[in-house]
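Reminder, nothing fancy here: chain letters follow the sequence lines and each chain counts from 1. Owing to the predicted nature of the structure, the values given are computational and were not obtained by experimental measurement. Just so it is clear, the values below take in all heavy atoms, side chains as well, and ignore hydrogens, waters and symmetry mates.
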Amino acid sequence: MTAVLSTTSAPAGTGRTMLRLHRTALIVWAVVFAGVSAALLWAYGPGASAAADEWRRLCLNGTDVCQWGPGLERYNRVYALAEYAIALLPSLVAAWAGAALIGRELEQGTAQLAWTQGVSPARWLAAKLAVPAALLTAGTAVLVLLHRLVFEAQAAPMNWSWYDDDTFAANGPLAIVWPLAALALGALAGLLLRRSLPALVAALVAIWGTSLAVGLATPRLWPWETRTGTLRTGYPGGTVDVIFGGQGALTSTGARIADPMCRDDAQCLADHDVTGYFTDFHPASHFWPLQLIGTGLALAVAATAAATAFWLLRRRTR
Amino acid sequence: MTTPLTGPPRAVLRLHRTALIVWGLFVTGTIAGLVWLNTVTADSARAKSARCDPLAYCADPFANTSYSAPISWISTFICYGFLAVAAWAGAALIGRELEQGTARLAWTQGVSPARWLAAKLAVPALVLTVGGIMLVVAFRWGWAANRDLMGDDWAFADVFVARGPATVAYALCALAVGTLTALLLRRALPALAVSLGAMWTLNFFLERYRESFWPTVTRTSPPEFEASRSWWPLENGAIIDGRRTQDVPYWECDGTSAENERCLDDLGITGHYTTYHPQSHYWPLHLVETGIVLTVAAVATLIAFRLLRRRTTAPAVRKGASV
């Protein structure tokens with residue numbers, strides 16, 4: 001792929017052409033990257049110190065309820081907005097890749113024209129994917145680092161939870177891999193449908209569907225931590241700031257059953273042989289295993305989509 | 001135009017049958033979902049949560065969500081459906097035709113540009129209005145049928161729009177704005193992005209300033225009072241020396257209730273106030289917003305026709321002048 005980027009020996013229609021053709025997208029990405037970086041840097045520096053000052057002033061004077069002032073509100077809003085922009089990126093990339101990058105070229109025949117000008121179809125697709133992939137990876141890697149910085153530094157107890165979908169992705173490689181998967185899925189949709197607008201819609205549906213599926217599968221692919229409680233204590237405590245799995249009752253044989261809802265009814269508890277309760281959960285220490293499983297799944301989606309796109313293109317142009 | 005389904009209107013329907021099918025499925029699917037949720041899901045959700053002691057642990061503490069979550073999603077989709085209309089109108093309806101030259105081809109086949117645009121706008125407008133009215137009527141019933149299972153209220157941003165004609169107004173406005181951006185940009189994908197962005201921005205600002213579209217009510221009284229659940233609360237605080245203030249240093253007061261009371265007196269608190277919209281303000285607020293959105297739609301349509309006329313007649317005029 002590096003050969004594609006060194007445009008000196010490459011014929012027209014590769015790296016540099018890519019950047020010229022999609023300069024609007026390049027500008028948009030540069031603006032988004034600069035904006036989100038600036039927001040996160042602000043939240044890490046001046047935003048955090050203003051929020052911390054305000055927290056000390058309003059909330060550390062023995063009061064039970066404390067109302068956020070403008071400093072804490074702004075800090076929270078800027079952080080949330082930056083995180084939202086990072087979360088929105090895969091959708092934007094999928095729509096763009098499906099419609100503008102691949103779909104339109106096939107619809108208007110400019111791709112076919114390029115293939116007659118000394119650029120082989122495979123090489124054309126490689127350039128189409130490699131240039132945006134490199135630019136996206138470089139940018140999102142910086143954004144993830146900045147987001148982690150702000151999240152870890154949390155100037156006041158802001159109730160930011162590590163397991164929130166957007167936060168979880170933006171704190172690790174998931175936020176780098178999803179835009180790449182979106183790029184590959186968009187390219188595949190463009191090649192399959194060969195029309196820009198249907199490809200745009202299909203790419204969006206594909207990225208939403210796969211990220212939903214990966215999000216549902218990830219917590220189930222790493223062993224849960226389990227805590228049990230007795231009849232007297234009820235459900236085990238100490239499970240705050242966690243992802244919940246299953247909950248229910250335990251019998252004398254140690255079997256797990258659905259809670260029969262006896263509450264304090266001794267007869268009912270005896271009838272169902274309930275001797276205790278259990279809760280499955282992922283504590284914050286499971287962040288990295290979960291993050292890596294999700295990243296692996298998203299990478300698999302990206303690789304499969306890209307491989308299918310190349311295979312489809314070769315079969316069609318041979 | 002003597003028989004309704006010939007000429008340009010018929011062409012519009014045939015050309016955009018995918019969009020028509022998607023819209024039809026959305027309308028019927030949403031209505032079917034509302035009926036199912038209110039006849040089947042509501043009873044089972046209520047039975048499940050009846051088994052739960054609200055204070056003790058419950059195996060399914062959010063038994064209601066099997067009902068309330070889909071209803072919330074439906075209100076979101078009905079309210080923000082206009083974003084899809086904006087994208088479609090900008091890209092598929094007008095942008096693509098101008099980009100690929102099929103519009104100009106149509107203009108040479110006996111369809112004047114103005115008539116071409118009129119058909120492009122009238123047919124979708126009719127379809128959107130009919131479907132939108134059906135959605136609003138169904139949602140008004142479905143949202144009100146099982147209030148005890150829901151946690152939202154009339155002032156929620158999406159519920160506010162989905163319960164009245166603003167839903168249709170936003171859809172028509174998205175159609176007009178999408179058309180105008182496409183005529184300006186003459187390219188499908190940029191028109192899609194700009195039209196989506198324009199409608200999102202319009203909605204963002206209307207949502208933000210919605211509360212100011214009708215005079216608010218302020219209630220003051222010496223003791224603190226509970227706000228009614230049917231209110232849309234906007235601001236509340238204390239009256240100190242006859243002035244309303246939101247930053248009362250309550251934390252300075254502590255101790256027994258008598259001490260506390262004296263301390264509050266020392267702060268100079270003479271009363272409390274709440275500024276809010278009662279539920280009876282729903283229709284005035286809603287209709288003012290509907291009016292604003294329809295005005296934007298009308299202006300965008302007018303500019304679109306003017307722009308098209310200027311663009312399709314200007315060369316002839318110039319030629320005439322030079323002769």
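Taking a 6.0 Å sphere around CZ of A:Phe244, one finds it holds more than 12 heavy atoms contributed by other residues, nucleotides or ligands. Within a 6.0 Å radius of CG in A:Asp164, more than 12 heavy atoms belonging to other residues, nucleotides or ligands are found. Annotation: A:Asn159, atom CG; neighbour count of heavy atoms from other residues, nucleotides and ligands within 6.0 Å does not exceed 12. The environment of CZ in B:Phe77 is sparse: at most 12 heavy-atom neighbours from other residues, nucleotides or ligands sit within 6.0 Å.
The interface of residues 87-102 of chain B with chain A, defined by heavy-atom distances below 4.5 Å, comprises B:Ala91, B:Ala92, B:Arg96, B:Glu99, B:Gln100.
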